[in-house]
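One structure is given below, encoded as structure tokens.
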Amino acid sequence: MTEEHQGGSRGWSAARKGIWSRLRFTSLRLRLVVVFGLVALTAAVSASGIAYWLNRESVLTRTQDAVLRDFEQEMQNRAGALPEHPTQDELQRTAGQMANTGQGFTVLLVAENPDGRTVYGSSGGLNGFSLQDVPASLREAVTERQKVTATNKYPHRLYWQRTVESDVPYLVAGTRVIGGGPTGYMLKSLEPEAKDLNSLAWSLGIATGLALIGSALLAHAAATTVLKPVQRLGVAARRLGEGKLDTRLRVSGTDELADLSRTFNKAAEALEKRVADMAARDEASRRFVADMSHELRTPLTAITAVTEVLEEELEFEGGGIDPMIEPAVRLVVSETRRLNDLVENLMEVTRFDAGTARLVLDDVDIADQITACIDARAWLDAVELDAERGIHARIDPRRLDVILANLIGNALKHGGSPVRVAVREETAAGPEGAADEGVVVIEVRDHGPGIPEEVLPHVFDRFYKASASRPRSEGSGLGLSIALENAHIHGGEITAANSPAGGAVFTLRLPRDVSAQNPSEQAGDTKDEGAEGDA
């Protein structure tokens, strides 16, 4: 795949992630749109439902009342004029006349002829409206004789019922002629009214959909108006977190968001001033340590020369050192060496803090480098080496020696012999799209009591000592800190832990090719002046 294709794929992936981040439900914009939409949907559906229900009842009631009123009037006027026992022809003619009122209903009349037989007259002909089309419950209610009371003056009343046949709604009604006569039934199709109500429902549904879309657009516009200052605040906060302390927000308006922007600007201004003050103090502190270290090197050189002479006198048999002052001379020699190491360590720490420490890389055999470190410090009898020759890495040999000297020396001082140094190779995943990279792992393990749990988080802190009652203990408390800084400048890491079998274990991980990990840290073949470690 070409670089252009890779760049295009990464651009599309970034754009897709950006879109998804704006649309995910945790987004405040999406939540505002959803809430607005739900409120609008609830309001629109409620209003549409109420409007539909009111219109439905109004349309059906108006049509139903008009039809029933005309049917009841026709029953009294026309059916009431029939003899008590009419013929079928009379029923048929009367039913047709009743159906011609303009309401469009069909009439069925039922009576007994002079021969005592039940006859029927339907305005719809022989195949039209029949008694089977009338619900049984309605027929029973119509034919049942009611008790005449003060509130119920007639034994028969008008009854009606809505039915659905083949998805078409109908109104069915029935009653008997007051004072005796035929029984009449009416069938009225409510299909026109149903179509009108369906059209109304569709209109209300469309209005609801438009209201929902409008509310979503309104919510989006409102969210954009409200969240735009919040987004600018988020961008400014990220820039501030990245160290761009001069970031400020443009303030406009007098609302709460404007107040928030003003508060952010004041906080950023105060933070910038505080960081500038701290940076100035830190720079002054580093300059003081560096100047002090440089100033101390000149008298220390002279003192070191004198102490070397005194040390030679101490080692010479029959020397001129008075036995009474010999302990004091040995103390001076020891403390002078310790002070010289402290000054060198302080200068090395100053380089790390100032960012001037650089790597001088070379291809080295790790086993040979460890052997040289142990041999130079006469630790061969106290250290066991488990390392195969042939494990090469491109690193800074001097800085690796400082790391090893501090780790092994710390294990010998505070742990227990023998100290075991093991070397192995591991494979670590490289950057995205790159091949796996090799890592060199060096473990330094002692056989002492281990590191107390409360001390483990602080073993790499500067000037930290496990026992506060030993301020004059060996070392300056900078050795492990310098070792860790040297590992970091290589792109590596050092961890401390206790072995389940006893003793402390320090694990150093370094990339095999430091120049590929930190190309900006490589200084070519330039030399870097620096001090040895604490050990």
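Hydrogens, waters and symmetry mates play no part in the numbers below; they use all other heavy atoms, side chains included. This one's a predicted model, so the numbers in the text were calculated from it and none came from an experiment.
Checking side-chain atoms of Thr507 against main-chain N and O of Glu443 turns up no donor-acceptor pair under 3.5 Å. With Asn498 contributing its side chain and Ile451 its backbone, the two residues share a donor-acceptor pair below 3.5 Å. Between the side chain of Asp133 and the backbone N or O of Ser130, at least one donor-acceptor pair lies under 3.5 Å. At distances below 3.5 Å, not a single donor-acceptor pair connects side-chain atoms of Asp396 with backbone N or O atoms of Leu359. Judged by distance alone, with hydrogens and angles left aside, the side-chain atoms of Arg176 form no donor-acceptor pair with the main-chain N or O of Thr143 at under 3.5 Å. A distance-only check finds a donor-acceptor pair linking the side chain of His85 to the backbone of Glu112 [under 3.5 Å]. Checking side-chain atoms of Gln92 against main-chain N and O of Ser122 turns up a donor-acceptor pair under 3.5 Å. Of the possible donor and acceptor atoms, none in the side chain of Gln76 sits under 3.5 Å from a partner among the backbone N and O of Gln73. No side-chain donor-acceptor contact under 3.5 Å links Ser46 to the backbone of Ala43.
Taking the side chain as every heavy atom from C-beta outward, Leu240 and Phe264 approach each other to under 4.5 Å. Counting only heavy atoms from C-beta outward, the side chains of Thr163 and Leu138 never approach each other to under 4.5 Å. With a 4.5 Å cut-off on side-chain heavy atoms, Met186 and Thr106 do not count as touching. Annotation: side chain of Ile442 is not in contact with side chain of Phe506 (no heavy-atom distance under 4.5 Å). Two residues are said to be in side-chain contact when any heavy atoms from C-beta on lie closer than 4.5 Å; Leu108 and Leu131 meet this criterion. Contact annotation: the side chain of Arg250 never approaches that of Ser261 to less than 4.5 Å [non-hydrogen atoms, C-beta and beyond]. Looking at heavy atoms from C-beta onward, Thr175 lies out of side-chain contact with Glu72 at the 4.5 angstrom threshold. Counting heavy atoms from C-beta on, the side chains of Lys188 and Gln64 never come closer than 4.5 Å.
Heavy atoms from other residues, nucleotides or ligands lying under 6.0 Å from CD of Glu493 number more than 12.
Atom CG in Leu158 sits 10.0 Å away from atom CH2 in Trp160 (nearest 0.5 Å). Note that CE of Met98 is 6.0 Å distant from CD of Glu74, once rounded to the nearest 0.5 Å. Rounding to the nearest 0.5 angstrom, the gap separating the CD atom in Glu144 from the CZ atom in Arg157 is 11.5 Å. A distance of 10.5 Å separates OG in Ser203 from CG in Asn198, rounded to the nearest 0.5 Å. Taken to the nearest 0.5 Å, the CG atom of Leu245 stands 5.5 Å off from the CG atom of Leu271. For the atom pair CG (Asp513) and CD1 (Ile395), the distance works out to 11.0 Å, reported to the nearest 0.5 Å.
Between Glu272 and Arg274, none of the side-chain N atoms (NZ, or NE/NH1/NH2) sits under 4.0 Å from a carboxylate O, so this pair counts as no salt bridge. Taking the charged nitrogens against the carboxylate oxygens, Asp277 and Lys273 do have a contact shorter than 4.0 Å, which makes a salt bridge. A salt bridge links Asp259 with Arg262; the closest basic N to acidic carboxylate O contact falls under 4.0 Å.
The minimum heavy-atom distance between Pro182 and Ala111, with the atom names listed, is CB-CB, 3.7 Å. In plain terms, the two heavy atoms of Pro169 and Asp167 that are nearest each other are CD-O, 3.9 Å. For Val423 against Val440, the heavy-atom pair with the smallest separation is CG1-CG1, 4.2 Å. The heavy-atom pair separating Ala173 from Leu68 by the smallest distance is CB-CD2, 3.4 Å. Between Phe129 and Val107 the shortest heavy-atom distance is CD2-C, 4.1 Å.
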### Query
Going through the checks in order, is the salt bridge (charged side-chain N to carboxylate O under 4.0 Å, His left out) test met by Glu426 and Arg509?
CA-CA 9 Å; Glu426 288 184 355; Arg509 286 181 170 82; 3.8 Å; yes
### Task
Could you go through the side chain to side chain contact (heavy atoms under 4.5 Å, CB included) check for Tyr185 and Val110 one step at a time?
CA-CA 8 Å; Tyr185 296 98; Val110 182; 4.3 Å; yes
### Task
Please test Arg78 against Thr94 for side-chain hydrogen bond (donor to acceptor under 3.5 Å, both in side chains), starting from the C-alpha separation and ending with a verdict.
CA-CA 7 Å; Arg78 297 186 182 275; Thr94 303; over 6 Å; no
### Message
Go through it in stages, so that I can follow the logic: the residues are Val441 and Glu425, the test is side chain to side chain contact (heavy atoms under 4.5 Å, CB included), and I'd like the CA-CA distance, side-chain angles, deciding distance and then a yes or no.
### Response
CA-CA 6 Å; Val441 180; Glu425 293 180 279; over 6 Å; no
### Message
I'd like to know whether Val134 forms a side chain to side chain contact (heavy atoms under 4.5 Å, CB included) with Leu187, so could you lay out the CA-CA distance, the side-chain angles of the two residues, the decisive distance to 0.1 Å, and finally the verdict.
### Response
CA-CA 8 Å; Val134 180; Leu187 179 68; over 6 Å; no
